[in-house]
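Note sheet for the following structure.
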Amino acid sequence: ACIKRKSSYYSSLALMICACHTACADEVRSRSTHIGFLYPNGVDVLGYSIEDKLGDHLYQYYTFGYPALASIGISYYANYTGNGLSASIGTGIGYLNQANGSIAYQWQLPSDKESCFVKFGIGYAESLVFSGAFPVLSLEKRWQ
């Protein structure tokens, strides 16, 4: 019964995210690659992400990576193109990601204006092999 409730929760979360994405008319999309010890949107060490702008500070993300395979969720950025706080919540498939959330600070690297960031913070994940807090330390390269 507990497993069925968790599955229902994750399915409901994914459906709400998709409905929110569909309702968004002025979508702005960015893509990124990331590497590090663990990326906040999807709990992986290497991957590719797509983020769609939902509002001033909210983004829907899709992340494909290793070892978390695939994730979907919502991110908040105080300043998407600069230094600032970011937070995310999502769900996915894979050994390290059934549900996750994180809070991190992102620093824009000065040598690569508006496209390269270091993220540092803490996250929490529930998965098949791990449940608990994890450190966030990753390098992300974005392009439009």
Side-chain angles (χ1 to χ4, degrees), residues 2-109 112 114-144:
C2 183
I3 293 172
K4 287 183 182 180
R5 276 189 239 137
K6 280 187 177 183
S7 296
S8 176
Y9 169 75
Y10 300 139
S11 298
S12 297
L13 178 62
L15 288 172
M16 287 188 310
I17 291 168
C18 290
C20 184
H21 172 69
T22 304
C24 179
D26 60 344
E27 175 182 311
V28 175
R29 179 168 279 185
S30 65
R31 292 166 176 78
S32 66
T33 54
H34 52 270
I35 188 167
F37 186 78
L38 296 167
Y39 185 64
N41 299 354
V43 196
D44 51 33
V45 296
L46 178 68
Y48 173 79
S49 292
I50 298 169
E51 289 182 299
D52 295 326
K53 187 172 183 176
L54 298 174
D56 288 338
H57 299 281
L58 291 177
Y59 291 78
Q60 177 180 342
Y61 69 82
Y62 312 91
T63 298
F64 308 95
Y66 175 80
L69 299 181
S71 301
I72 185 171
I74 299 276
S75 291
Y76 166 84
Y77 290 91
N79 183 358
Y80 188 75
T81 59
N83 297 343
L85 195 63
S86 68
S88 67
I89 187 167
T91 186
I93 57 172
Y95 290 110
L96 290 181
N97 184 14
Q98 298 298 308
N100 68 77
S102 69
I103 187 161
Y105 194 88
Q106 74 173 14
W107 286 274
Q108 179 184 19
L109 295 180
D112 200 359
E114 294 186 20
S115 65
C116 207
F117 299 88
V118 172
K119 293 184 177 184
F120 179 72
I122 191 164
Y124 185 84
E126 290 281 334
S127 74
L128 298 173
V129 297
F130 174 79
S131 292
F134 63 88
V136 170
L137 180 57
S138 63
L139 177 64
E140 178 182 29
K141 173 74 174 170
R142 292 185 198 146
W143 63 96
Q144 296 287 347

Subject >> Separation between CD of Glu140 and OG of Ser30, rounded to the nearest 0.5 Å >> reply: 7.5 Å
**OP:** Could you pull out the closest heavy-atom pair between Gly90 and Tyr61, with the gap in Å?
**Re:** CA-OH, 3.4 Å
**OP:** Anything under 30° is parallel, anything over 60° is perpendicular, the rest tilted; go ahead and classify Tyr39 against His34.
**Re:** parallel
Original post:
Mind checking whether Trp143 and Thr33 have side chains closer than 4.5 Å, heavy atoms only?
Top reply: yes
**OP:** Using the six-membered ring wherever Trp is involved, compare the ring planes of Tyr77 and Tyr59 and label them parallel, tilted or perpendicular (cut-offs 30° and 60°).
**Re:** perpendicular
Original post:
Once you round to the nearest 0.5 Å, how far does CG of Leu46 lie from OH of Tyr66?
Top reply: 10.0 Å
**OP:** Output all residues satisfying side chain to side chain contact (heavy atoms under 4.5 Å, CB included) with Asn83, sequence neighbours left out; order by chain, then residue number.
**Re:** Tyr105, Trp107, Gln108
Original post:
Looking at Val136 and Gly123, what are the two nearest heavy atoms and their distance?
Top reply: CG2-N, 4.0 Å
Subject >> Criterion side-chain contact (heavy atoms from CB on, under 4.5 Å) on Thr91 and Asn100, from CA distance to verdict >> reply: CA-CA 6 Å; Thr91 186; Asn100 68 77; over 6 Å; no
Original post:
Taking all atoms of both residues into account, what is the closest heavy-atom pair of Ser102 and Pro40, and its distance?
Top reply: OG-CB, 3.1 Å
**OP:** Kindly compute the distance separating CD (Gln60) from CG (Asp52), expressed to the nearest 0.5 Å.
**Re:** 6.0 Å
Original post:
Does a donor on one side chain and an acceptor on the other come within less than 3.5 Å for Ser88 and Asn41?
Top reply: yes
